[in-house]
2 protein chains.
Amino acid sequence: MRRAEASKACPHNPAVSCNNCRLSGICLPLALESDEIVKLDNIVQRGRPLPKSRHIFREGDAFTSVFAVRSGAVKTYSITDAGEEQVTGFYFPGEVVGLDGIGQNRYASSAVSLEVSAICEIPFSQIEDLSGQLPNLQRHFFKLLSSEIVDDQRHITLLSKNTADERVASLLVSISARQARRKLSASAFRLPMSRADIASFLGLTVETVSRVLSRFAKQDLIRIDNKEISDLDVEGLKAAANLQP
Amino acid sequence: MRRAEASKACPHNPAVSCNNCRLSGICLPLALESDEIVKLDNIVQRGRPLPKSRHIFREGDAFTSVFAVRSGAVKTYSITDAGEEQVTGFYFPGEVVGLDGIGQNRYASSAVSLEVSAICEIPFSQIEDLSGQLPNLQRHFFKLLSSEIVDDQRHITLLSKNTADERVASLLVSISARQARRKLSASAFRLPMSRADIASFLGLTVETVSRVLSRFAKQDLIRIDNKEISDLDVEGLKAAANLQP
DNA sequence: GCACAGGCTTGACTCAGATCAACCGGAGCC
DNA sequence: GGCTCCGGTTGATCTGAGTCAAGCCTGTGC
C-alpha cells in the first residue's frame with residue numbers, strides 16, 4: 001500500500017494520469033472506482049508548469065472549468081468595493097479552486113500561482129455530464145462544495161472571534177496539517193505566500209503578522225528564516241490557537 | 001404574470017405544493033420545468049408551522065436533509081472551541097439551510113427558528129437520485145452550493161476589512177434587498193433576530209451594534225422601534241456600507 | 001559587484017471598538 | 001398592581017491591533 005503510493009509518479013510531470021498521480025488519494029479521484037477514474041481522466045486537461053504569479057482565472061471571467069492544484073500553491077483573492085485585495089484562500093496540491101464560479105457562471109474571485117505550479121483543468125460542463133452518469137462523482141462534487149462552505153464558515157468564526165495570535169497560529173496549524181495529509185513534514189515547510197497575503201487572509205496588517213511570527217519564534221513555537229518555517233510545535237500552536245488537540 | 005404570482009397560495013399553508021408556492025420563483029423550483037417541479041414536489045416534506053426558538057437540526061447531527069424556509073426566519077450558528085456561539089447566517093423565505101452537512105455527513109452548524117416559521121424538508125438522498133435524472137436540478141444544486149460559498153466569502157471580506165458602521169449598514173442593505181426580492185417592502189421590516197445575534201454575525205459586541213443603530217437613526221438613515229425598522233434609506237446605507245450602488 | 005526596489009521587521013503612538021457598569025422598559029408571573 | 005428578568009441602550013474607561021515611521025534584508029537587474 002505504502003509502496004504503491006510511493007511508486008506513483010511525481011505530480012510535476014504533466015504526462016501522469018489521475019490513476020497514477022500521487023495525489024489520487026486526496027484529490028478528485030478520491031471517491032471513484034478505477035474504471036470511473038479513467039472516465040474522469042479523459043476530461044482532465046493537464047497544463048505545462050505555470051510560472052510564479054500567473055493568473056489561472058480572474059474575477060468576472062466567464063466560468064468554464066474548475067482547477068486542481070497538482071504541485072506548487074495558489075491563492076485566491078477578490079477586490080473589495082474599496083479597491084483593496086482580499087485574499088480568500090490558499091490552495092495546495094490536491095485542492096480544487098474555481099468552485100465559486102458555478103453560481104453566477106463567472107468566477108467570483110481571481111486565482112494566482114504563488115510559486116511554479118502544475119494545474120489540472122477540468123471543464124465543468126463535462127463534470128456535469130459525467131456526474132449524471134457516475135453517482136459517486138456527483139456525490140463527491142457535492143461534498144467538495146459543501147466542504148468549502150464549512151471551511152469558509154470556520155474562517156468566518158476565526159475572523160469574528162479570535163485574536164491576532166490565534167489567527168496566525170490557526171493558519172500555521174492548518175498548513176502543517178495539509179502538509180501531513182500529503183505525507184510531507186508537518187513541522188518544516190516553506191510558506192509560499194507573502195506576509196501581506198497572510199495579513200489579508202487573516203484580517204490583520206503586515207506589521208501585526210510580522211510581530212506575531214517573531215513572538216512565536218521567541219516562544220520556540222516555530223523557527224523562522226524568512227519564508228522557511230521549521231521546528232514547528234504543533235501542540236503548542238494548537239494551544240495558542242485555542243483549538244482542541 | 002404579476003397576477004399569477006399574487007394568486008399563489010400563502011407560504012404559511014402547509015398544504016401548498018411547490019408549483020403553487022409563492023416562493024417558486026426564488027426557491028428550489030427556480031430552474032425547473034413544470035413537470036420537473038412535480039417530481040421535486042413529491043419528495044418535499046412540508047412541516048406544521050414551527051414555533052419560535054426550535055431547532056431544525058443541531059451541529060453534529062447525522063445529515064439527512066436540506067431545509068427550505070417557507071415562512072418566518074432562521075439563524076444558523078456553531079459553537080466555537082472557546083464555547084461561544086458564532087452566528088453564521090440568517091435565512092429568509094426561499095432560502096435553503098443545511099448545505100454544510102453534505103461534506104461530512106453531519107451538520108456543521110445548528111439551525112433555529114427566530115420566529116414562527118414553516119420549513120420544507122427535502123431528503124438529500126432523494127435529491128441526489130433525482131439530480132441524476134434531472135440535469136436542471138443537479139445544476140441548480142451545484143449553483144446553490146456555489147452561491148453559498150460566494151456569500152460566505154463576501155462575509156469574510158466584510159469581517160476582515162470593514163468598520164462596525166459598514167458591517168451594520170451592509171446587513172441592513174442585505175436584508176432590505178432580500179425583502180425586495182420577495183416583493184415586500186425594502187424600507188420597512190421587522191428584524192427577527194436579537195441584537196446579540198446581529199453582533200455575533202458581524203463580529204462585534206451588542207453594545208457596538210446598539211450604538212451604531214442609534215447613530216444611524218440620528219442620521220435619518222433608519223427609524224427604529226425596538227425590532228421594527230422603517231424609513232430605511234437604501235442609498236444612504238449603501239454609501240455608509242461603502243458599497244457600489 | 002553594486003544599486004535599487006520591494007518585502008519584512010521593529011518601535012512609538014493612536015484609536016476603534018471592547019469591556020465594565022449603570023440604567024431603562026416591556027413581557028411574563030404571582 | 002407590583003416584581004423580576006431579560007434584552008436593549010448609554011456612558012466612561014481600557015486595550016489590542018492599526019497607523020506612521022524608520023531601518024534592514026534579500027533578491028534582481030544592470
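Since the model is a prediction, treat every value here as computed from it, not as a measurement. Lettering of chains follows the sequences in order, A, B, ..., and the numbering in each one begins at 1.
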Looking at [options], which one has an atom nearest to any side-chain atom of [X]?
X: B:Ser210; options: C:dT10, D:dG8, C:dC8; value: D:dG8
X: B:Ser194; options: D:dT9, C:dG17, D:dG8; value: D:dG8
X: A:Asn226; options: C:dC20, D:dT26, D:dG8; value: D:dT26
X: A:Leu204; options: D:dG18, C:dC8, D:dG8; value: D:dG18

In whole angstrom, give the distance that lies between atom [atom1] of [X] and atom [atom2] of [N].
X: A:Arg167; N: D:dA17; atom1: CZ; atom2: P; value: 7 Å
X: A:Glu207; N: C:dT10; atom1: CD; atom2: P; value: 12 Å
X: B:Arg190; N: D:dG7; atom1: CZ; atom2: C1'; value: 13 Å

For B:Leu213, which contact category applies under a 4.0 Å heavy-atom criterion: base, sugar-phosphate, or nothing?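 The answer is nothing, as B:Leu213 stays clear of every strand by at least 4.0 Å.
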Using a 4.0 Å heavy-atom cut-off, does B:Thr205 contact any base of the nucleic acid, only the sugar-phosphate backbone, or nothing at all? base
Can a side chain N or O of A:Lys227 be found less than 4.0 Å away from OP1 or OP2 on C:dG7?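 Answer no for this pair, as no side-chain N or O of A:Lys227 is under 4.0 Å from OP1 or OP2.
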Quick one about A:Glu121 and A:Ser65 (side-chain donor to acceptor, distance below 3.5 Å, no hydrogens or angles considered), yes or no? yes
Polar contact flag, side-chain donor to acceptor under 3.5 angstrom, B:Ser109-A:Gln153: no
Tell me which of B:Met193 and B:Arg211 sits closer to the 5' end of DNA chain D, going by the nucleotide each one is nearest to.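 Final value for this comparison: B:Met193.
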Using the closest heavy atom to pick a nucleotide of DNA chain D for each, name whichever of A:Asp225 or A:Thr163 lands nearer the 5' end. A:Thr163
